[in-house]
Structure formats: structure tokens, C-alpha cells
Trainee: 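Please read through the structure below; I'll follow up with questions.
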Amino acid sequence: MDSGHTAWVLVASALVFFMTPGLAFFYGGLVRAKNVVNTIMYSFMSIAVVSIVWVLWGYSLAFTDGGGLNQWVGGFSAFGLSGIGVDADAGGFPELAFICFQLMFAIITPALITGAFVERFKFTTYLVFLVFWITLVYAPVCHWVWGGGWIADLGALDFAGGTVIHVNAGIAAVAAAMLVGKRRNPGVEPHNVPYVVLGAAILWFGWFGFNAGSELAADGVAASAFLVTNTAAAAAALTWGIISQIRTGKMGAVGVATGAVAGLVAITPASGFVGIYGALAIGIGAGVICFICLELMERSGLDDALAVFAVHGVGGAWGAVATGIFCTAAIGGTAGLIDGNAGQVGIQVASVLATTAYSFVLTIAILFVLDKVPGLGLRVSEPDEDVGLDLAAHGERGTVGDGAD
Amino acid sequence: MDSGHTAWVLVASALVFFMTPGLAFFYGGLVRAKNVVNTIMYSFMSIAVVSIVWVLWGYSLAFTDGGGLNQWVGGFSAFGLSGIGVDADAGGFPELAFICFQLMFAIITPALITGAFVERFKFTTYLVFLVFWITLVYAPVCHWVWGGGWIADLGALDFAGGTVIHVNAGIAAVAAAMLVGKRRNPGVEPHNVPYVVLGAAILWFGWFGFNAGSELAADGVAASAFLVTNTAAAAAALTWGIISQIRTGKMGAVGVATGAVAGLVAITPASGFVGIYGALAIGIGAGVICFICLELMERSGLDDALAVFAVHGVGGAWGAVATGIFCTAAIGGTAGLIDGNAGQVGIQVASVLATTAYSFVLTIAILFVLDKVPGLGLRVSEPDEDVGLDLAAHGERGTVGDGAD
Amino acid sequence: MDSGHTAWVLVASALVFFMTPGLAFFYGGLVRAKNVVNTIMYSFMSIAVVSIVWVLWGYSLAFTDGGGLNQWVGGFSAFGLSGIGVDADAGGFPELAFICFQLMFAIITPALITGAFVERFKFTTYLVFLVFWITLVYAPVCHWVWGGGWIADLGALDFAGGTVIHVNAGIAAVAAAMLVGKRRNPGVEPHNVPYVVLGAAILWFGWFGFNAGSELAADGVAASAFLVTNTAAAAAALTWGIISQIRTGKMGAVGVATGAVAGLVAITPASGFVGIYGALAIGIGAGVICFICLELMERSGLDDALAVFAVHGVGGAWGAVATGIFCTAAIGGTAGLIDGNAGQVGIQVASVLATTAYSFVLTIAILFVLDKVPGLGLRVSEPDEDVGLDLAAHGERGTVGDGAD
Amino acid sequence: MLKVEAIVRPERVNEVVAALQDAGCRGFHYENITGQGIQQGVEVVTGRGGRVASRAAMPKTLIVTVISDDMKEAVIEAIVSSARSEGEGAIGDGKIFMSEISDVVRVRTGERGQDAL
Amino acid sequence: MLKVEAIVRPERVNEVVAALQDAGCRGFHYENITGQGIQQGVEVVTGRGGRVASRAAMPKTLIVTVISDDMKEAVIEAIVSSARSEGEGAIGDGKIFMSEISDVVRVRTGERGQDAL
Amino acid sequence: MLKVEAIVRPERVNEVVAALQDAGCRGFHYENITGQGIQQGVEVVTGRGGRVASRAAMPKTLIVTVISDDMKEAVIEAIVSSARSEGEGAIGDGKIFMSEISDVVRVRTGERGQDAL
Ligand SMILES: Nc1ncnc2c1ncn2[C@@H]1O[C@H](COP(=O)(O)OP(=O)(O)O)[C@@H](O)[C@H]1O
Ligand SMILES: Nc1ncnc2c1ncn2[C@@H]1O[C@H](COP(=O)(O)OP(=O)(O)O)[C@@H](O)[C@H]1O
Ligand SMILES: Nc1ncnc2c1ncn2[C@@H]1O[C@H](COP(=O)(O)OP(=O)(O)O)[C@@H](O)[C@H]1O
């Protein structure tokens with residue numbers, strides 16, 4: 001085992017871990033003040049719950065051989081990580097490090113979904129949802145792409161999880177927004193813009209681990225992934241800022257931060273396969289496409305409160321398709337549309353559509369069942385929604401002054 | 001020297017450094033709004049003061065040969081790090097990197113203590129306290145366990161500092177709370193819950209460096225330590241959340257964050273010695289035990305304001321004992337109670353008791369003396385306590401609005 | 001290529017990246033509440049804009065051979081990073097990683113300048129300024145020192161960018177403050193002290209990547225740079241705190257945080273060349289010198305709002321000169337004044353003066369031109385300044401309560 | 001002239017403000033306060049999750065508008081209809097306090113009394 | 001009916017609220033304000049540690065309760081005894097202002113006047 | 001005794017406070033509020049950069065001082081001159097509301113009425 005690669009995968013795991021608290025602040029700043037604790041806790045509890053599910057059966061379902069079902073899902077042979085010792089090698093670094101790294105992806109994916117249903121979803125139901133969604137949706141899709149399943153066989157490229165994480169979460173968000181319904185009193189302004197920017201900055205910082213870490217080695221491709229990740233995020237942030245400046249005469253920080261995240265999402269599947277110009281194109285494309293989609297969604301009847309579909313669903317789909325367009329053999333070994341291999345785009349589209357369909361149907365099914373279970377249910381009561389979920393679900397207020405508290 | 005190990009130890013040092021500002025926010029969010037700056041500054045000034053003490057004589061006292069006194073404390077041979085050049089090797093990586101890593105542990109330990117006496121301790125006295133406590137308490141105990149002293153000889157296991165850091169700080173906190181007395185007007189609610197969660201998240205993030213870094217190499221044991229750290233923290237957070245939900249019908253974010261920290265504390269001594277199931281047991285145990293202890297302490301007469309004893313003292317002691325129960329030869333080379341080596345538990349208990357006794361007596365002695373020194377003293381005046389230490393000690397207010405500021 | 005060195009350079013790049021959001025909060029906490037978003041966005045948009053400029057032509061101008069002009073500036077041969085593949089080696093690690101690392105320096109430098117003109121500078125003009133300043137000021141100065149230009153030939157030592165980054169930004173800040181003029185209603189107190197400390201802590205954390213990363217290898221010198229960085233920062237923070245305590249009877253957190261940053265700035269050029277005692281001297285010196293300078297500047301007519309000149313300009317100049325005083329052959333290979341090589345000080349002074357002159361004149365020129373361009377201009381309107389730039393430039397308010405928002 | 005101080009639920013502010021404007025009010029201001037009435041307060045979790053305490057502390061919003069005497073009933077009607085909870089109304093819906101204003105000055109022009117409203 | 005506005009030290013709010021309830025007050029609200037009286041203000045450090053400035057800015061809490069006229073003295077007594085500092089009292093202990101309320105409306109029921117208190 | 005409530009621009013608070021002190025006011029308090037008058041509000045960006053909404057929400061500061069009746073005109077003059085924008089004044093400069101205070105108590109001493117001011 002190589003100590004440099006091991007060090008890099010461990011650091012990358014820590015960086016990706018840090019993204020989920022970053023997301024907590026990104027989302028937490030966007031809601032109303034009375035829901036900030038609740039919104040933050042959605043992300044934080046994903047860490048707590050998914051960490052347990054992953055080491056018990058999640059990793060096993062995603063990454064072991066599923067026998068006859070192997071095209072669709074892994075098996076239980078590594079339940080409780082049985083048989084994986086400190087010497088197990090995952091290709092130059094410990095398999096335990098790979099488990100850590102993959103765990104962090106599993107944590108952030110359902111946390112992303114929460115943006116769709118903040119300010120009205122029942123917290124205890126969410127905890128149960130996490131267990132089922134990781135088991136029934138995340139682990140299988142992860143197996144398809146990275147665990148030896150059918151999408152991998154198809155030859156689809158997904159360097160760091162454009163379909164597994166972002167398309168998957170983005171579609172599940174639509175399903176959740178549909179079933180939980182609209183907020184009674186959506187706020188007009190985010191309650192804490194510095195939190196939004198802090199969260200976006202932590203996400204960007206952690207995303208270097210997400211994308212460059214996905215090379216699973218400290219080498220030139222990792223450095224390339226690092227650089228294109230940054231380039232695409234910058235391009236998308238700038239694009240979004242310019243559109244916003246043109247349309248409103250002002251360059252809102254929330255818009256720029258959203259643009260950055262959209263760029264990070266879009267470059268994710270492509271990060272090990274494209275160069276600087278590909279990254280610029282993907283970033284600018286993400287800025288334009290996600291902006292338009294977000295505007296359309298706001299006009300739709302669906303209350304995807306924090307624009308998970310527009311940013312992660314559409315951004316991830318654009319990134320997956322763009323990977324097929326801009327990938328170049330010199331970097332990741334596979335040529336794309338621009339280099340004459342048009343077929344790759346079709347494969348990419350197929351992987352997006354399959355993930356979309358599967359994730360949508362299963363998320364609907366899980367939520368439908370949880371809604372019917374006595375004592376659970378999806379939506380909080382009207383008085384709880386009015387007083388805010390910080391008090392209703394957590395018995396806490398975000399901030400309290402001295403004296404008149 | 002191995003560049004991979006060196007890179008890992010340097011990164012781990014940076015991660016552990018970041019824990020102290022994380023603690024600043026964890027603690028800073030828990031106090032009243034008028035004491036947030038003061039509480040944050042306790043942690044921040046520990047960085048400033050201990051960094052100087054460590055490179056001058058702290059490291060030397062902890063890690064050099066103490067000659068005839070070597071069982072108890074090191075010597076002054078490395079005063080000012082004399083003789084330690086850029087080529088000095090600490091086992092595959094530079095000794096200067098080891099000094100950095102150990103420094104970060106020395107910084108956070110007294111910062112942990114401050115949770116006991118926030119909102120009423122005199123700030124200038126604290127700065128003096130730091131110098132004496134590191135010299136007379138931390139450096140010797142560190143020497144006992146890691147510097148070749150008597151606890152190491154005994155065969156006690158402490159992978160990343162359960163006794164050296166957490167039991168040590170937890171007991172010192174009791175001593176400090178006893179001598180400084182109760183707050184006049186303790187607040188009912190934390191003034192800033194997002195800060196508490198931000199702090200807990202940064203602590204968790206940094207703790208990967210703390211525990212996995214303590215392997216001092218980028219290898220399979222480091223990866224294992226990383227994974228069990230995360231598992232125990234998640235299990236404890238979830239346990240605390242569930243207890244809270246059952247008892248109050250609500251899942252307070254502050255409770256969940258406290259649970260996470262308790263789990264991180266408890267896994268610390270065990271992190272290089274136990275597997276996933278040991279980590280789950282340690283985490284769940286930490287959740288239950290620290291929760292009960294915290295409740296009992298709140299009913300006691302002692303005003304350990306931010307529950308340092310319950311979380312770090314008791315959590316650290318539980319972790320040290322649990323290390324003796326769950327350690328397994330397959331990971332760290334030593335068998336524990338479950339693997340048939342009951343004696344290890346006894347050794348672990350002895351190391352906890354010795355640390356407890358020494359730290360308690362010396363902390364009392366140091367504070368007693370500082371209380372008598374003219375111009376110092378432990379407690380601020382009543383008006384200063386009422387107006388808040390941000391204004392009284394720092395001439396600052398945490399936040400100020402425009403206009404009516 | 002060495003995987004350990006590669007891992008270290010990639011991690012260091014991520015750490016330096018994180019400094020800019022850290023700076024955003026450091027600066028953002030210091031301004032009035034109505035300008036917090038704007039101040040944060042100055043830093044955030046530097047990431048977006050400079051990232052694009054750097055990969056297109058910035059890196060090329062700074063680090064390629066400039067042919068006949070090579071003493072002064074590089075060329076365009078690496079425009080769009082053409083010809084730099086994943087296998088390009090920069091001395092044991094990928095050149096793409098070096099590009100990432102250097103990019104992060106280029107991002108933070110103009111962000112530092114913004115402290116001079118916050119609360120009154122026109123945001124859109126700033127975005128244009130970024131492009132010109134990186135191209136005309138940063139890239140050439142960077143080339144002089146690190147890209148094979150005349151200062152490198154002179155034998156000046158600048159380990160991590162004391163002149164390139166800090167003197168450069170500090171002088172540009174003076175130029176900007178002169179041209180944009182004074183604020184109408186400067187606030188008396190920072191609006192958010194926790195943000196200031198959070199920002200300083202993130203800066204300190206990231207600075208380990210900045211300085212120890214500048215060794216571009218995971219080795220003993222990197223560890224030494226890590227340790228002296230921490231030592232100087234701690235010494236300067238403590239020095240500033242003590243001065244403040246003596247003069248005002250209180251130890252303001254903002255002062256201590258400023259001291260820490262001044263120490264970090266001053267050790268930057270010296271970090272790979274000096275030992276612990278040199279670091280202590282540089283840190284204490286930074287605390288005293290920058291404190292005095294800051295006080296003098298506040299009495300001057302110049303409204304350098306957030307003391308960029310005193311902290312970065314003067315701190316950087318002191319560090320550059322101190323490098324010549326305290327550098328020792330045992331660590332970095334070059335002897336300084338204390339070791340009998342008085343000439344080094346002269347070389348250091350020359351490099352500071354050249355940077356000062358060039359940066360000042362060109363920054364004035366760029367701003368002068370931008371002021372005249374129709375549609376741009378340097379200063380916002382009086383009503384915009386009064387209502388605050390958060391609303392005026394971004395259409396946002398930093399924080400909004402529920403109900404009466 | 002009358003000062004009308006209405007204490008309402010924070011989530012109703014937008015509705016109340018709209019109703020006031022419809023009723024002809026051209027100026028008002030508001031701020032967040034903490035209140036207690038029949039509705040005793042809120043349950044907060046203390047002891048880090050071990051216990052619950054009841055705090056005399058419901059977040060409310062205070063809306064203030066100064067009007068001419070003849071608008072009194074219209075303004076009361078506007079507030080009551082926009083601030084009352086669906087159905088029967090609910091405890092905590094708020095109160096309105098009225099008091100005399102003896103003089104008003106418009107800073108910009110120096111106008112006095114009724115003209116300055 | 002009377003409006004009682006009491007400015008007190010923030011750290012006294014819990015005591016004052018308890019005393020008001022004992023005196024029979026069933027409704028009140030409060031908020032944090034910044035005040036200056038004889039007690040001139042606070043010292044803040046400026047110049048990043050170089051100087052001290054005095055700010056006309058003491059944090060205070062304003063408690064407001066509307067009561068019937070006959071409760072006036074009991075309420076004053078309740079506030080004074082709970083808000084005054086130990087011993088002789090201290091500068092900055094606060095003030096109470098009283099004014100007439102001409103009408104009250106309970107939003108929930110539409111009740112008016114004394115009944116709505 | 002009179003209660004003077006002045007709504008002013010936040011960036012003017014320091015000037016207004018200084019003018020009040022020059023006019024002989026020895027006590028006051030202030031707080032930040034949100035207001036709307038002729039000046040309709042502010043433009044905020046919504047839809048993450050896609051649209052602009054107008055919010056009835058200008059940040060204002062409310063300064064309150066209780067004075068004896070004879071100071072009325074001096075205090076008005078002090079506020080108007082310090083709060084009015086340069087030149088002709090501008091929309092949003094603020095308003096002053098005056099009302100009767102029937103009694104005052106100084107908590108520290110129990111003094112009443114005029115003496116307690
Ligand atoms: N006498 C009073 N003086 C001041 N404020 C009051 C008074 N009574 C009620 N309030 C305010 O009105 C709010 C609503 O009162 P509450 O008794 O809960 O309403 P309701 O009578 O409509 O059920 C309270 O939260 C409090 O802020
Ligand atoms: N005339 C006044 N008008 C409005 N508020 C006042 C007035 N006088 C005092 N206050 C408020 O009362 C608080 C206490 O006043 P202060 O003069 O310090 O108290 P004391 O007279 O009890 O020593 C002040 O901080 C201020 O908020
Ligand atoms: N009738 C009113 N009742 C309460 N507050 C008012 C009233 N009219 C104005 N205000 C307050 O005064 C502020 C200034 O009012 P505005 O009409 O903009 O000023 P001007 O008349 O001087 O142009 C408003 O923001 C609002 O807070």
C-alpha cells in the first residue's frame with residue numbers, strides 16, 4: 001500500500017465529511033429564522049444515521065458481489081464489514097479508507113434532498129426515511145455505477161458521482177416536494193446570507209476531496225480533477241452573477257453561491273475526464289441551464305423549497321451528458337463527442353434516465369408508505385409549521401438575546 | 001523519511017489545530033450572548049499561549065528523557081527545541097511534524113477546561129493559569145502515557161489521548177468549577193444553536209486528524225481509526241437524540257451535538273484498537289453514560305457550566321475502560337476483556353485513577369495560588385458578571401446592529 | 001512523481017483556497033452590519049474571477065519563459081494551460097497541482113486589498129479591477145520572485161510570498177484608499193466579533209498550507225515551516241493582546257485576531273528559512289510594529305478601512321527584512337545577518353522597495369482609468385453608501401428576522 | 001390622532017400590512033418582540049435534552065401606526081380580520097392598544113399635526 | 001387603562017416578569033433596547049486595541065404591560081422591588097413611564113376595553 | 001410630561017443623539033425597527049437572482065425620550081435639524097410622534113413624576 005495515496009484518500013474523506021455541515025449552513029441560511037436549527041439538523045442527522053447504516057449493510061449492498069442479482073445490487077457478505085481487516089487493499093490503499101470515502105458520499109446525498117421539503121417535513125419521519133432511502137435507493141444506484149452493476153458494464157462515465165449523488169438526490173427531491181406539498185408561508189428572503197456563503201465555501205473546499213479524491217490516488221489526474229473542479233465552479237458562479245446583474249441590476253450573493261454549487265455539481269461526473277476548456281464550457285452551461293430551470297421551477301406549482309432539482313438534478317444531468325461531450329482520451333482514457341465518439345453521449349443519457357426513473361419511483365413509494373405508518377406521516381401540523389420547526393421539533397430557538405429572550 | 005506519512009501527520013496537525021476554534025464556537029454558542037466573545041477567546045488564547053510554552057519547554061518536559069525522574073516527567077534537554085533539526089526523524093516522518101501534532105493536543109486540552117468556568121472567570125488570570133497548567137499538569141501526564149513514563153510501562157492503552165486529554169481536562173474542570181463557584185444568572189437556553197452545531201461539526205472534522213493521525217502513519221490502522229471514530233460519534237449522537245426524543249418529545253440539536261462530542265471523546269483512547277462493533281458499543285455507551293452523568297451533575301451543586309466533566313471526564317474514563325474491554329489483537333496488537341484478557345481493564349482503570357487524582361490535586365493547587373496572587377484572583381466582580389464579560393474583559397460586543405448600536 | 005508530495009501539495013492548495021472565505025468572514029465581521037454581504041462578496045468573487053484569469057493567461061504570464069522580457073514577465077506559451085498534461089512534472093509532483101497551489105495565492109491577494117475600500121467601492125468596477133490587477137500587477141511581481149525574474153536572480157528570499165502577496169496587496173490598498181476616499185459614516189465597532197475570530201481561525205488553519213505547502217514537498221522543511229508559522233502567529237497574537245491590555249485595560253478579540261494575522265503575514269517570507277527563535281522574534285516584532293503602524297494610520301487622513309497596509313504591507317515588509325536577519329543555513333541553506341551575512345538584508349529591502357513602487361504606481365493607474373470609464377467609476381452614490389451596499393449592490397440583507405423582516 | 005399598537009403573530013405580518021394599506025394607512029413601522037398573555041409560552045428543551053422548561057416567551061410582532069381619529073374603526077377591522085386565525089381564532093392571536101398622540105412632525109418638511117401623518 | 005413601560009437591566013427580566021405575574025398582570029411583552037441616562041454608557045475598545053471609546057449604549061430591556069387603572073401602584077411596587085439592585089440601588093436600574101390607553105381590542109374575540117386586557 | 005418618539009435613518013443616530021444631549025435631554029433609548037411611509041421600501045433580489053421584489057421594509061431607528069413639556073419645541077428642533085438630509089431633506093427622513101406621559105418612576109430611588117426624568 002502506498003502511503004501517499006492512503007494519506008490522500010483519508011484527507012479526501014475528511015474533506016467530503018465536512019461538506020455535509022457546509023450544506024447544513026448553505027441550506028440553513030436560506031430558510032426562515034424559525035427553521036434554521038431544523039434545517040441544519042436534517043444534514044447533521046444524516047451523518048449520524050447513514051454512518052451506522054453504511055458500516056452495517058450499506059457498504060456491503062453497494063460494493064460487494066450480489067451473486068445472481070449483481071447487475072442490480074450487491075450482497076450481504078460484508079455485513080458489519082466482516083472480513084475487511086486493516087490489511088485489506090483497495091488498490092494501493094486500505095479498503096477501510098475506501099469505505100470511509102464512500103460513506104461520506106452516502107451521507108451527503110440524502111442531506112441534499114432535504115432542501116426540497118424544509119420548513120414542513122416531520123423530523124422523526126425523516127430519520128426513518130434515511131434508513132430506507134440509503135438501503136433501497138442509494139446503495140443499488142451506487143452499485144450500478146461503481147459496484148460492478150449494469151451501468152458500469154454499459155461504459156457510462158461518472159467520475160465522482162454526477163448520477164449516483166446529484167441526479168439521484170435531485171429527482172428524489174421532486175418526489176418529496178410533490179408528496180409533502182407547499183409551504184404555508186414561504187419567506188421572500190433568506191434569513192442569513194453569510195451562512196449561505198459560508199456553506200457554499202465549505203462545500204467548494206470539500207468538493208476538492210469529492211472530485212480529486214475520486215481518483216483514489218495522489219497523481220496527475222487528481223490534480224487535473226482539482227483544477228477543473230475549481231474552474232467549472234468559478235465559471236458557473238460568474239455566469240450566474242452576470243445573468244443576475246443583467247436581469248436585476250444587482251449581483252445577489254445567494255445567486256452567486258448557487259451558481260458555484262451548480263458548477264460543482266455539473267463538473268462532478270466529468271472531473272477526471274475533461275480539461276480546462278471542457279470545464280469552462282460545463283461551468284458556463286451549468287450557470288445558464290440551472291438558472292433557467294430554477295426560474296421555471298419557481299413558476300411551477302411544485303415547492304422544491306431550496307431548488308434541489310434545478311441545481312442538483314438538472315446540474316447533475318447536464319454534467320453527465322457534458323461528460324460524454326467533452327471527455328478526452330488524453331486525460332481519462334475515453335474520447336467523447338468532441339473527439340468523435342458520439343456514442344458516449346447516448347450511454348451517459350441512458351444512465352441519467354435510468355437513475356431518474358428508479359430514484360423517482362422508489363422515493364415516491366418510500367414516502368407514500370411512511371405517510372401511512374401510524375405515528376409517522378410526512379407533514380407537521382399547521383401550528384407547528386407556523387411557530388417554526390426549531391421550537392416544534394427541537395425545542396430550541398436559533399439565536400436568543402440576553403434579557404428579552 | 002516517508003513523504004506519505006509526513007504529509008498525513010502535517011495534515012492531521014492542521015486538522016487538530018482547527019478543533020480549537022471549533023471548540024470556541026461550540027462553547028461560544030452555549031453561553032449567553034453577552035459572553036460569546038469571552039468564551040471564544042478562552043479557546044483562542046490557549047492557541048497563543050500554549051504554542052509558545054510548548055516550543056520553549058512543554059515539548060521537552062513531555063517527550064525527552066527525564067533522567068532519574070523519567071517515570072514522572074521529562075527533562076529540559078530539548079528546551080527551545082534545541083538540537084531538533086529538519087532532518088530529525090520520529091519514525092518515518094520529521095520530529096518537527098510530531099512536535100506540531102502534539103502541540104495541537106496541548107492547545108485543546110486546557111481550552112476544554114474553560115467550559116466549566118465560563119461567564120465568570122477572570123481573563124488575565126486564565127492566561128497565567130494556562131502556563132502553569134500545561135507545565136505542571138499536562139506535560140507530566142503526557143509524559144506518563146506517551147513520553148516513556150510509568151503508565152506506558154504499565155501497558156495502558158491510550159491511542160489518541162483519552163486519559164491525557166479528556167479525563168485530564170474533565171477532572172480539572174471539576175476542580176475549577178469548585179473554586180470559582182456558581183454563576184449568578186445562568187441562562188436557560190444557549191444563545192446560538194447554529195454556532196454550537198458549527199463547532200461540533202468542526203470538532204468532528206478535526207477529530208479525524210486527532211484519532212487517525214495518532215497512528216502517525218498513513219496506513220490501514222489509520223483508516224480503521226478514522227472509521228471507528230466516525231462510527232462511535234454517529235452512534236453516540238443518535239443515542240443521545242433518541243433519549244432526548246423519548247424524554248422530552250423533541251430532539252434538541254444541542255443534545256445531539258453533545259452526544260456526538262461524547263462519542264468522539266469515548267472512542268479516542270480506543271480508536272487504534274477496536275473494530276466497528278466495539279465502536280458501536282463505545283458510542284452507544286457514551287451516549288447513555290454521559291447523558292445520565294450530565295443530568296446528575298445538573299442536579300448537583302456544582303456549576304460545571306458547559307458539562308466538561310460529564311462529557312470529557314466521564315466520556316474519557318468510559319472510553320479508557322472500554323478500550324480494555326473491546327480492544328482486539330487483530331487491529332492494535334493487544335487483546336482486551338472480550339478476547340479473554342481481563343487484566344487490561346484493570347490497567348486502564350489504574351491509568352484513569354492516577355490521572356484523575358493527579359490532575360485534580362494539582363489544578364486545585366494552581367487555582368488556589370492564583371486566587372491569592374494580588375492582581376489576579378479567579379472571579380470577576382458582580383457588575384462585570386452582570387454586564388457580561390464581552391464588554392468587561394474585552395471591551396467588545398458580540399454583534400452590533402446599525403443605527404441603534 | 002511522489003504520491004506523498006502530490007498529496008501534500010493538493011491538500012495545501014485546498015487549505016489556501018479556504019483562506020479566502022476565511023478572509024471574507026474576517027473582513028465581513030469588521031464592517032457595519034449593512035455591508036457584510038458586500039464585504040464577503042469581494043472575497044468570494046475574487047475566487048470566481050481570478051480562477052478564470054489564472055487558467056487562461058495568468059499562470060502563463062507568471063510562470064512561463066518571457067523570452068526577451070523574462071526578467072520582467074512571462075509569456076503566453078501556456079495560454080489556457082496548453083501543453084500541460086496530467087503527466088507534466090513540477091519536481092516530484094504534477095505541474096497541474098502546482099498550478100492549483102499558485103492559483104490560490106493569486107485569488108487571495110486582491111481579496112486582501114478590498115479591506116481598504118470596503119463600504120464604499122462600486123462592486124461591478126471591482127470585478128473589472130480584478131482582471132487588470134492580476135494581469136498587470138500580480139502576474140509580473142509573481143514572475144519576478146518565483147517565475148525566474150530579476151528578484152529571483154538577485155537572490156532575494158521569499159518562501160511563501162511576503163512580497164508577492166502581502167507587500168503587494170498592502171501597497172495596492174494604500175493606492176485604493178487614496179483614490180476612493182473616506183467613508184461617510186465609519187462605524188465605531190465591528191458588527192460581528194465571532195465572524196472576525198472565525199475568519200482569523202480559518203486563515204491561520206489555511207496558512208499551514210500556505211507556508212508549509214510552499215516547500216512543495218512533505219519533508220522536514222515543510223514541518224519546520226508549519227511550526228514556525230504557528231509560533232510567529234501565536235507570539236504576535238499574544239504581543240498584540242498584551243499591548244492592548246496595557247493600553248486599554250482590556251484584551252479585545254479583534255486586536256488579538258489582528259495580531260495573529262500580522263504574525264502570519266510576517267513569518268510568510270521567512271517560514272522555510274528560520275527556526276523557533278527567529279519565529280518568536282518575527283512574531284513579537286510583527287505585533288509591535290503593526291500595532292504602532294495601525295495606530296498611526298488611524299490618525300492619518302487615509303481611510304484604509306480594515307488596516308490592510310498596517311497588517312499586510314508593513315507586516316509583509318517586516319517579514320521580508322526579518323528573513324534576511326534571521327535566516328539560517330541549517331534550515332533553508334542561506335545565512336542571514338545574524339549568521340554574518342549582512343548583505344542578505346539589503347537584497348530583501350531591495351525586493352520590498354521594488355514591489356512597493358511597482359504595485360503602487362500600477363494600482364493607481366488601473367484605478368484612475370477605471371474611474372474614468374463610463375458606467376464604471378470607483379465610488380457608490382451617497383444614498384447607496386448610506387443604505388448599505390448589501391441592499392444597494394446585492395439586493396440582500398445579511399440577516400432577516402421572521403415577522404418584522 | 002391615535003397611535004394603534006397591534007401585537008400579532010409574526011407569520012401574519014404580511015397579511016396585516018396589506019390590510020392596513022387597503023384601509024388607507026400610509027405609514028407604519030414594526031419590530032419583533034417577545035410576549036406573553038393567556039398563551040403562556042413555549043416549551044424549550046434544557047439540560048441538553050433531559051428536560052423541558054416552559055418559557056414565557058412567544059415571538060410576536062408589534063405593528064405601530066399613527067392615524068387620524070376617524071380611521072379608528074376601519075383600522076381595527078383591518079387588523080382583526082387579517083390577524084385572526086382561521087375559524088374561531090386562537091389563543092395568542094394578539095391585541096390592539098390605542099392611545100392619543102398629541103402632535104406629529106414630519107422631519108423632511110417640518111409639517112405638524114394631521115398634515116404630517 | 002394604563003400602559004406601563006419599564007426599562008430594566010436585561011439580567012433582571014426574569015425577576016421582573018415573575019413579580020408582574022404575582023401582582024396580577026396577565027399580559028405583557030418585552031424587547032431589548034439600547035439606553036442612556038445618568039449612566040453614560042460603556043467603554044468599548046477601538047483601533048483594534050489601541051484606544052477606548054465611550055458609547056452611549058447600555059443594553060436594557062423594555063417591558064410593556066397594559067393594566068387597569070386600579071393596579072397602578074401594585075404594578076409599580078412589583079417592578080421597583082424586583083428591578084432595583086441590591087442595597088441602595090445603582091445608577092442604571094431603570095425607569096417606569098406611564099401613559100393612558102384609550103382603547104383595547106382582543107383580536108381573537110373582538111372584545112373591547114377593560115374586558116380585552 | 002411628554003414622550004417623544006422619533007423615527008430616523010439609522011445612519012443618523014449618532015447625530016440625533018448628540019443634538020438631543022445639546023438640547024438638554026438626559027435620558028433616552030433607541031432600537032432598530034422596520035418602517036414604511038411614503039418611501040415605499042427596498043428592492044430585494046429573489047429567485048436567486050432572477051427577479052426583484054419590493055419589500056415594505058426600510059431599516060429605521062426609533063429614538064424615544066421622555067421630557068418635560070417646556071422642552072418640547074427645543075427637542076423637536078434638535079431632532080429635525082440633525083435628522084434631515086442635506087439640502088431639501090429627502091423622503092424617508094422620518095417622523096416625530098408626541099404623546100402624554102402621566103407618571104414616571106425612577107426605579108433606583110422611587111422618585112416620581114418630573115423629578116424622576
Ligand atoms: N395586558 C397586556 N399588556 C401588554 N401586552 C399584552 C397584554 N395582553 C396581551 N399582550 C400581548 O398580546 C399577545 C397575545 O395575548 P394572548 O393573551 O395570548 O392573546 P389572546 O387573548 O388573543 O388569546 C401576548 O403575547 C402579549 O404579547
Ligand atoms: N427621560 C428618559 N426618556 C427615555 N428613557 C430614559 C429616560 N431617562 C432614562 N431612560 C432610560 O432609563 C435607563 C436608566 O436610566 P439611568 O439614568 O441610568 O437610571 P437611574 O436614574 O436609575 O440611575 C436608561 O438607560 C434609559 O434607557
Ligand atoms: N403614520 C405613521 N405611523 C407610524 N409610523 C410612520 C407613519 N408615517 C411614517 N412612519 C415612519 O416614518 C418613516 C418615514 O416616513 P416617510 O413617509 O418615508 O417619510 P417622509 O414623510 O419624511 O418622506 C417610515 O419609514 C415609517 O417608519
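In what follows, chains carry the letters A, B, and so on, assigned in the order in which the sequence lines appear, proteins first and then strands, with residues in each chain numbered from 1. Computed from heavy atoms alone, side chains included, the values below leave out hydrogens, waters and symmetry copies. Note that the structure is predicted; figures quoted are calculated from it, not measured.
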Trainee: By the definition side chain to side chain contact (heavy atoms under 4.5 Å, CB included), identify the one residue from D:Asn32, D:Thr34, D:Ile33 that meets it with E:Glu31.
Mentor: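 The passing option is D:Ile33.
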
Trainee: Hey, are D:Glu88 and E:Arg108 close enough for a salt bridge, meaning a charged N less than 4.0 Å from a carboxylate O?
Mentor: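 No, no charged N to carboxylate O under 4.0 Å.
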
Trainee: For D:Ile91, which atoms come within 4.5 Å of any heavy atom of chain E: side chain, backbone, both, or neither?
Mentor: both

Trainee: D:Ile76 versus chain E, heavy atoms under 4.5 Å apart: side chain, backbone, both or neither?
Mentor: side chain

Trainee: Quick one, E:Val107 and D:Ile96 - any side-chain contact, counting heavy atoms below 4.5 Å?
Mentor: yes

Trainee: So, D:Ser99 side chain and E:Ser102 main chain: donor-acceptor pair closer than 3.5 Å or not?
Mentor: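 No; zero donor-acceptor contacts below 3.5 Å.
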
Trainee: Which answer fits D:Ala90, side chain, backbone, both or neither, if we ask what part of it has an atom under 4.5 Å from a heavy atom of chain E?
Mentor: backbone

Trainee: Do the charged groups of E:Asp103 and D:Lys72 touch, with an N to O distance under 4.0 Å?
Mentor: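 Salt bridge between E:Asp103 and D:Lys72, a charged N being under 4.0 Å from a carboxylate O: yes.
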
Trainee: Check whether any side-chain heavy atom of D:Ile38 lies under 4.5 Å from a side-chain heavy atom of E:Arg106, and answer yes or no.
Mentor: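 Yes; the side chains approach each other to less than 4.5 Å.
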
Trainee: Answer yes when E:Arg112 and D:Glu73 have at least one side-chain N-carboxylate O distance shorter than 4.0 Å, and no when they do not.
Mentor: yes

Trainee: With a 4.5 Å cut-off on side-chain heavy atoms, are D:Met98 and E:Val104 touching?
Mentor: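 Contact flag for E:Val104/D:Met98 side chains = no.
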
Trainee: Once you round to the nearest 0.5 Å, how far does CD1 of E:Ile101 lie from CD of D:Glu5?
Mentor: 6.0 Å

Trainee: What part of D:Lys60 is in contact with chain E, defined as an atom under 4.5 angstrom from a non-hydrogen atom: side chain, backbone, both or neither?
Mentor: neither

Trainee: Side chain, backbone, both or neither: which part of E:Glu111 has an atom under 4.5 Å from a heavy atom of chain D?
Mentor: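 The answer is neither part of E:Glu111.
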
Trainee: Considering only heavy atoms from C-beta outward, does the side chain of E:Arg26 approach that of D:Gln36 to under 4.5 Å?
Mentor: no

